[in-house]
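The structure appears below as structure tokens.
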Number of protein chains: 2
Amino acid sequence: MPRTAETSESIDRATARFFKVLGDPTRIRIISLLTTGPKNVSEIVEQIGLSQARISTHLACLRWCEFVQAKKIGRQVEYSLNDPSIEHLLALAKQLSSVREQHLASCTRIGPDWI
Amino acid sequence: MPRTAETSESIDRATARFFKVLGDPTRIRIISLLTTGPKNVSEIVEQIGLSQARISTHLACLRWCEFVQAKKIGRQVEYSLNDPSIEHLLALAKQLSSVREQHLASCTRIGPDWI
DNA sequence: TCATTATATATGGAAAACCGGATATATCCT
DNA sequence: AGGATATATCCGGTTTTCCATATATAATGA
């Protein structure tokens with residue numbers, strides 16, 4: 001069954017949201033950290049160095065979009081990646097973006113302040 | 001030479017910006033369209049159905065971040081993808097996000113309106 | 001039970017991104 | 001040169017995202 005224009009548009013919207021979730025430095029750092037194995041919230045907070053509240057909302061975002069899984073152990077919650085494909089995707093993206101690292105770093109905002 | 005925490009942080013920032021550029025439905029649609037071959041601006045405008053001005057700024061964004069190349073031919077400008085890896089990345093992301101399409105569609109904003 | 005620890009959520013404000021509409025620039029044609 | 005066409009950029013306003021701070025919930029231990 002061929003896809004209609006509407007369904008491909010709908011997938012594009014989903015894909016854009018998917019990417020938007022990945023489009024935040026803190027969330028990338030969290031995902032990168034989790035590629036080294038499961039971590040509980042305190043460990044993540046310690047590694048990243050932001051407030052627990054901030055980390056927790058970023059984790060909620062990643063959890064909602066199913067990038068990560070949460071497992072409650074006593075009073076801690078252990079987070080882990082829930083799909084190995086994410087690691088592939090991230091590795092590929094890191095490779096592509098590290099080539100352009102300086103260039104991308106010089107772009108502090110999306111919009112007509114390029115140049 | 002091992003990477004220090006700062007340089008990995010810098011790559012993470014670059015990667016996040018890389019993803020942020022991909023985190024817009026219109027830009028995803030443009031890139032998807034360009035996977036079928038080079039197109040000039042008028043063709044892109046026609047296919048996507050947004051104003052020429054809007055398409056043009058999205059193209060500027062993609063061009064700046066080197067997702068696409070622009071080639072001036074007479075008074076038209078022909079755009080094309082400038083790295084086949086982008087296609088792989090997009091295909092992988094589309095696959096991952098189409099699995100969660102309904103779920104991602106139900107998320108209209110990033111932030112505490114999940115649940 | 002009460003205090004403590006670990007994590008999650010709510011709220012208000014600042015910054016960033018997106019859009020529509022107007023305008024500028026560059027090329028072609030007569 | 002002057003008009004038409006193709007594309008790019010600017011501007012003001014609205015929406016979205018991010019953050020800091022405060023507070024809520026849940027589990028543990030005294």
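Proteins get letters first, then strands, A, B, ... in listed order; numbering begins at 1 in each.
At a cut-off of 3.5 Å, with distance as the only test, a side-chain donor of B:Glu101 or A:Ser10 sits close to an acceptor on the other residue.
Residue B:Ala60 has its side chain nearest to D:dT9 when only D:dA6, D:dT9, C:dA8 are considered. Nearest to the side-chain atoms of A:Ser42 among the listed nucleotides C:dA6, C:dA8, D:dA6 stands C:dA6. Closest approach to the B:Lys72 side chain among C:dT9, C:dC18, C:dT27 is made by C:dT27 (side chain taken as heavy atoms from C-beta onward). Listed candidates were C:dA8, D:dC18, C:dC18. Nearest to the side chain of B:Ile110 is D:dC18. Candidate nucleotides D:dA8, C:dT9, C:dA17 were compared by shortest atom distance to the side chain of B:Arg17, and C:dA17 ranks first. Comparing C:dT9, C:dT5, C:dA22 against the side chain of A:Arg75 picks out C:dT5 as the nearest.
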### Task
Assess whether salt bridge (charged side-chain N to carboxylate O under 4.0 Å, His left out) is satisfied between B:Asp24 and A:Lys20, documenting all intermediate values.
CA-CA 7 Å; B:Asp24 177 271; A:Lys20 193 168 267 185; 5.5 Å; no
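B:Gln52 comes within 4.0 angstrom of a base, heavy atoms only.
B:Glu87 CD: more than 12 foreign heavy atoms inside a 6.0 Å radius.
Ring geometry for A:His103 versus B:Trp64: interplanar angle under 30°, hence parallel rather than tilted (30 to 60°).
Nearest-nucleotide positions on DNA chain D for A:Gly23 and B:Glu43 put B:Glu43 closer to the 5' end. Mapping B:Leu59 and A:Lys20 onto DNA chain D by nearest heavy atom places B:Leu59 closer to the 5' end of the strand.
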